[in-house]
Protein chains: 2
Amino acid sequence: MAEELNNRSQNILEVIVEDYITSAEPVGSRAITRRHSFNLSPASVRNVMSDLEEMGFLCSPHTSAGRIPTEKGFHYYIDSLLQVRDLSKEEETRLQSSYRFKDMKMEDIMQEVGRVMSGLSNYTGLVMAPKFASTVFRQIEFVRLSHGRLLVIYVSETGLVQNKVIAADPSLTARDLEQISNYLNREMTGLSIPKVREKVARELKAERIRYDELQKQALELSREALQEEAEDLVFVSGTSLMLEQPEFSTPDRMKRIIRTLESKKALIELLDRSQMAQGVQIFIGSQSEHTEIEGCSLVTASFSNKKGAIGTLGVIGPVRMPYSQVIPIVDFTAQLVSRILEREAE
Amino acid sequence: MAEELNNRSQNILEVIVEDYITSAEPVGSRAITRRHSFNLSPASVRNVMSDLEEMGFLCSPHTSAGRIPTEKGFHYYIDSLLQVRDLSKEEETRLQSSYRFKDMKMEDIMQEVGRVMSGLSNYTGLVMAPKFASTVFRQIEFVRLSHGRLLVIYVSETGLVQNKVIAADPSLTARDLEQISNYLNREMTGLSIPKVREKVARELKAERIRYDELQKQALELSREALQEEAEDLVFVSGTSLMLEQPEFSTPDRMKRIIRTLESKKALIELLDRSQMAQGVQIFIGSQSEHTEIEGCSLVTASFSNKKGAIGTLGVIGPVRMPYSQVIPIVDFTAQLVSRILEREAE
DNA sequence: ATTGGCACTCATCATGATAGAGTGCTAACA
DNA sequence: TGTTAGCACTCTATCATGATGAGTGCCAAT
């Protein structure tokens with residue numbers, strides 16, 4: 001994979017990628033010698049470019065345009081050439097001060113994170129809140145609706161609130177429900193959802209449960225309440241910023257990208273892929289499969305608290321993206337959110 | 001306002017509007033005589049069209065194109081010419097069966113309503129959930145987060161769940177909070193939010209409150225919890241359908257419309273205007289002010305249960321919209337949602 | 001190995017010609 | 001007096017044409 005490139009080729013590839021990132025237009029040999037003082041003539045540069053094209057790092061849209069980096073070119077650039085400097089203390093505080101999370105509930109925090117990150121980077125922001133299953137039980141409450149239907153409200157350790165309607169024995173009184181939730185809150189608090197599920201299953205099998213109808217009800221209800229994964233929360237901010245990018249300037253491309261951003265499902269799939277990884281992840285172009293986001297890159301990072309509630313955030317934009325600026329923003333934001341989740345859990 | 005139009009003019013205006021609705025292109029005199037069997041020559045039609053243009057119902061994009069209806073033309077069409085037939089029983093059941101609300105929580109219902117309505121009409125769907133202040137108190141719960149911050153969960157009569165973070169005395173124990181919520185649930189259930197606020201204010205002033213610290217705390221907390229209006233919930237579905245419309249086919253228009261649909265604030269303002277009215281409301285074009293939605297029409301209707309929780313739903317699309325099909329869809333959906341809210345409140 | 005020179009390619013833009021759709025006007029007609 | 005046919009006129013959309021300029025590829029000279 002890691003092909004050899006001599007120094008000169010690297011330099012030239014680098015400036016081509018960088019020029020292309022700022023201009024969005026094919027860059028030619030003359031332009032390179034004009035803007036960067038290699039001591040080389042355009043003709044020499046052309047030779048190198050020709051080689052780079054041969055190797056698949058560059059391509060030309062047509063015979064007499066300049067060259068643009070291929071996805072492979074971008075990969076090489078990111079892996080070998082790009083250097084992301086750490087943020088200075090001042091930058092960090094400046095960045096931090098963009099975010100205002102005072103007294104916000106979880107959902108609003110996620111939304112705000114997306115908005116600010118999008119604003120800072122000028123690309124479309126994506127935030128996927130921690131998955132239900134990765135959260136830690138804190139509290140559960142039941143509210144009776146009509147026809148024996150119950151509204152279950154579940155609060156995770158980090159203050160994420162989810163609710164869901166389930167069917168239940170209509171004869172349950174408010175008093176019963178209170179006892180049930182008391183029981184569950186006493187027993188389950190602090191356990192992760194999979195652990196809760198496990199415990200519920202175990203208890204339901206246990207012998208003594210047969211003698212306590214209410215307790216049995218409690219377990220049944222909690223099983224129903226926690227069984228199915230509530231749909232994931234994805235927040236998209238700054239959709240219209242995508243449309244400002246020249247690569248999506250035609251009506252056709254606009255439609256495509258909007259449709260993609262509209263379909264939460266596709267986004268979840270994308271974001272899921274970087275769920276596990278540590279630090280910033282970069283997906284360039286379709287990266288096999290996923291033709292929906294042809295021409296797009298994704299810069300993501302996961303956040304979590306110590307107890308393991310994991311979410312993912314990042315920005316999506318054209319492959320031609322100023323990674324050196326975007327990466328620190330995403331990186332820092334993920335760390336920031338992790339810290340907030342810690343604080344929330346206390 | 002209601003200008004006089006003779007029969008012939010009305011007929012011609014009608015077919016022009018309708019042809020334009022289906023074709024999205026200027027309609028000429030010949031096309032009219034060809035497609036509709038008036039016993040008139042194109043020349044006569046031209047005379048009438050010329051008159052209609054004079055009166056401001058039509059305009060021509062340029063000298064030798066056909067004519068297109070002005071907003072005034074559409075207004076006249078909708079007010080005087082359009083006849084919306086009621087849905088047949090079969091159509092109603094067919095429509096109804098598109099919606100699947102089984103065991104859904106409020107938020108999902110709103111989302112689903114938007115999606116289905118958008119799918120049925122092929123335009124972008126908008127749903128604004130009942131405003132916080134228009135709901136009826138059902139239940140309130142408190143969850144302790146870190147640093148004396150409290151998560152308040154409020155459930156309305158219709159099953160709408162809202163939550164919010166407030167600051168509170170860190171020394172309050174879980175036991176205290178339970179008592180507090182018990183007290184509030186006992187006292188406030190069934191009251192509308194304004195009534196609750198009123199009651200809280202009154203009680204806080206009352207003499208005896210001084211002697212019961214916990215009760216005082218309860219009132220303080222509920223005041224804080226219910227004081228500020230949580231931001232309105234607006235659901236937009238089928239954004240990309242907008243981009244299929246020829247009137248938004250240029251990159252520029254696409255950007256504008258996407259930006260508008262992205263800004264919930266603008267949408268809320270729009271939807272608020274039809275809040276009060278009974279039945280279906282139609283806003284054509286900018287309708288003075290609101291230049292953001294230039295070229296757009298809005299068909300909306302409000303829904304509510306008997307206790308008065310009011311929301312608004314509708315579709316947005318180009319002025320050139322098949323109102324005769326869209327109106328019944330919106331109308332029926334609003335009634336359907338009202339019924340669901342009733343059921344929910346029971 | 002590098003470079004200057006040169007022919008060649010291709011997209012872009014302005015120009016102009018043409019076809020087609022539709023109007024407005026006028027004169028003839030019922 | 002209302003209706004119609006005819007005709008000149010206008011405007012757009014489309015296509016072909018040619019000029020321009022940026023950029024390449026190759027070759028021979030350094």
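Per chain, numbering begins at 1; letters A, B, ... match sequence-line order. None of these values were measured; they are calculated from a predicted model.
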Trainee: Roughly, in whole Å, what's the span from CG in B:Asn39 to C1' in D:dG2?
Mentor: 15 Å
Trainee: Send over the distance from B:His62 NE2 to D:dA13 C1', rounded to a whole Å.
Mentor: 9 Å
Trainee: Roughly how many Å is it from CD1 in A:Ile32 to C1' in D:dG23, rounded to a whole number?
Mentor: 12 Å
Trainee: Can you tell me how far P of C:dT3 sits from CG of A:Leu40, to the nearest Å?
Mentor: 5 Å
Trainee: Does A:Arg259 CZ have over 12 foreign heavy atoms under 6.0 Å away?
Mentor: yes
Trainee: Return the polar atom pairs (N/O with N/O) between nucleotides 19-23 of chain C and the protein under 3.5 Å, or none.
Mentor:
residue, atom, partner, partner atom, Å
C:dA21, N3, B:Ser64, OG, 3.4
C:dG22, O4', B:Ser64, O, 3.4
C:dG22, O3', B:Ala65, O, 3.4
C:dT23, OP1, B:Ser29, N, 3.4
C:dT23, OP2, B:Ser29, N, 3.3
C:dT23, OP2, B:Ser29, OG, 2.6

Trainee: Figure out the CZ/P separation between B:Arg8 and D:dG2, and round it to whole Å.
Mentor: 10 Å
Trainee: State whether A:Arg35 and A:Glu18 are salt-bridged, where the test is any N-O pair (Lys NZ or Arg NE/NH1/NH2 against Asp/Glu carboxylate O) under 4.0 Å.
Mentor: no
Trainee: Going by the side-chain contact (heavy atoms from CB on, under 4.5 Å) test, name the single residue among B:Leu52, B:Leu13, B:Thr70 that passes it with B:Tyr76.
Mentor: B:Leu13
Trainee: For A:Leu52 and D:dT24, what is the distance between atoms CG and P respectively, to the nearest whole Å?
Mentor: 12 Å
Trainee: Checking B:Thr124 side chain against B:Gly238 main chain: does a donor-acceptor pair fall under 3.5 Å?
Mentor: yes
Trainee: Take the protein atom CD of B:Glu25 and the nucleotide atom C1' of D:dT12, then report the distance between them rounded to whole Å.
Mentor: 12 Å
Trainee: Heavy-atom nearest nucleotide on DNA chain D for B:Pro61 versus A:Ser60: which residue maps closer to 5'?
Mentor: B:Pro61
Trainee: Regarding B:Asp19 and B:His36, do their side chains bring together a donor and an acceptor under 3.5 Å, going by distance alone?
Mentor: yes
Trainee: What is the separation between atom CD1 on A:Ile68 and atom P on D:dG23, rounded to the nearest whole Å?
Mentor: 14 Å
Trainee: Would you say the side-chain atoms of A:Thr300 and A:Ser274 include a donor-acceptor pair closer than 3.5 Å?
Mentor: yes
Trainee: Give a yes/no on whether any side-chain N or O of A:Ser44 is located under 4.0 angstrom from OP1 or OP2 of C:dT2.
Mentor: no
